[in-house]
There are 2 protein chains.
Amino acid sequence: MKNNSSFKNKLEESGHSFTSQRAEVYSILCENAPAHLTAEEIFIKLTQRHLKIGLSTVYRTLGIFTNIGITDKVDFDDGMSRYELVENFDGKNHRHHHLICLGCGRVEDALDDLMEDLENDVLEKFSFNIIDHSVKLYGYCAECSMKNKIETGSK
Amino acid sequence: MKNNSSFKNKLEESGHSFTSQRAEVYSILCENAPAHLTAEEIFIKLTQRHLKIGLSTVYRTLGIFTNIGITDKVDFDDGMSRYELVENFDGKNHRHHHLICLGCGRVEDALDDLMEDLENDVLEKFSFNIIDHSVKLYGYCAECSMKNKIETGSK
DNA sequence: AATATAATGAGAATGGTTCTCAATTAAGGA
DNA sequence: TCCTTAATTGAGAACCATTCTCATTATATT
Ligand SMILES: [Mn+2]
Ligand SMILES: [Mn+2]
Ligand SMILES: [Zn+2]
Ligand SMILES: [Zn+2]
């Protein structure tokens, strides 16, 4: 549990009660960070811990967490939404990027933004004011790139 | 119909037959470019044109189009996939970005990539070889930014 | 034209997510 | 602490975009 009292505060500030179910879901997220968990995966981890929380409650809780900025909902094109804790680093208000390997399916977080050029360009050309973004980079991780080279016998 | 023969070629090169249904779906996409259409929207436009094409066929066709690089499948978080023609501009092999307005919901295409800094950084730090990306920029369009200013009375 | 292969379409099935509603629990005041 | 009220929970039903099934039809090849 990273910072349970700020978690509780965020709930209460936004007009939600602090319940054992919400605390348990939060604790699963903390223990598994920086994993990207589905509602079902969280539900299973709770069950393994002999905590009887309904799947609807897991979904509802993750919805609330996402609304009040405790979690981010991410989508890696595999048919289900995934959730991860929002990092509360300094002035960071943009979501981090995701490197999605087309070989092994693994997903890595990339914490450097480096979107300034693009954002300035968009503001100039479209007068579009960017609030946040979702950046997914598809390619091959170091390990899969290596395998590809060996298999194709490229120089 | 932008370039019907290259469309036919792409189908045949990839081992698919050229059928009237596929030609019709392609033609709807061309006529509505650069819109981002759902399978259902395409189906409705076909029906309005008195073309009896099954919804399953529309889905299957869009799946094939996306596999062979005729269309891109995009997701604007509204519960359904959308499809748009791939621009066959010169050496462009990365998908374009999307500006999604949180006010009015409109989506604009941003054709400048400007992802070089980020891609170089990712290659250096992770040895991750980027093949393609998906970039969604959320914010307020010129019109909605204006409205927001007036409503909030900000300087 | 005949044959083999692929495509089509109507409807059923799928599956992640949301909804319903009766039972339970939390919150705040007395 | 007890009471009242409003919020939360959970089991299962409902939802709904998409995929699947399979008999029929169209296309490609000989
Ligand atoms: Mn992440
Ligand atoms: Mn687009
Ligand atoms: Zn990999
Ligand atoms: Zn707008």
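Each chain gets a letter, A, B and so on, in the order its sequence line appears, and its residues count up from 1. Just the heavy atoms: all of them, side chains too, but no hydrogens, waters or symmetry mates, feed the values below.
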Mind checking [X] for me? I need base, sugar-phosphate or nothing, with any heavy atom below 4.0 Å counting as a touch.
{"X": "Arg60(B)", "result": "base"}
{"X": "Ser56(A)", "result": "base"}
{"X": "Thr57(B)", "result": "base"}
{"X": "Glu40(B)", "result": "nothing"}
{"X": "Ser17(B)", "result": "sugar-phosphate"}

How about [X] and [Y]: does a side-chain donor come under 3.5 Å of a side-chain acceptor?
{"X": "Glu31(A)", "Y": "Ser27(A)", "result": "yes"}
{"X": "His96(B)", "Y": "Asp72(B)", "result": "no"}
{"X": "His36(A)", "Y": "His98(A)", "result": "yes"}

Can you find a side chain N or O atom of [X] that sits less than 4.0 Å from OP1 or OP2 on [N]?
{"X": "Gln21(A)", "N": "dG10(D)", "value": "yes"}
{"X": "Tyr59(B)", "N": "dT18(D)", "value": "yes"}
{"X": "Ser81(A)", "N": "dT17(C)", "value": "yes"}

Can you check the [X] [atom1] to [N] [atom2] distance for me, whole Å?
{"X": "Leu11(A)", "N": "dT8(D)", "atom1": "CG", "atom2": "P", "value": "9 Å"}
{"X": "Phe43(A)", "N": "dA11(D)", "atom1": "CZ", "atom2": "C1'", "value": "10 Å"}
{"X": "Phe18(B)", "N": "dT27(D)", "atom1": "CZ", "atom2": "P", "value": "10 Å"}
{"X": "Asp77(A)", "N": "dT19(D)", "atom1": "CG", "atom2": "P", "value": "13 Å"}
{"X": "Leu55(B)", "N": "dT18(D)", "atom1": "CG", "atom2": "P", "value": "9 Å"}
{"X": "Arg22(A)", "N": "dT8(D)", "atom1": "CZ", "atom2": "C1'", "value": "6 Å"}
{"X": "Leu62(B)", "N": "dA7(C)", "atom1": "CG", "atom2": "C1'", "value": "15 Å"}
{"X": "Asp78(B)", "N": "dC16(D)", "atom1": "CG", "atom2": "C1'", "value": "13 Å"}

For His16(A) and Ser20(B), find the nucleotide of DNA chain D closest to each by heavy atoms; which residue's nucleotide sits nearer the 5' end? His16(A)
Aromatic centroids of Phe65(B) and Phe7(B) separated by under 6.0 Å: yes
Residue Ile53(B), side-chain atoms from C-beta onward, closest of dG9(C), dT18(D), dG16(C): dG9(C)
Where the side chain of Thr19(A) is concerned, which of dT17(C), dT18(D), dT8(D) is the nearest nucleotide? dT8(D)
Rounded to the nearest 0.5 Å, what separates atom CG in Asp77(B) from atom CD1 in Ile100(B)? 6.0 Å
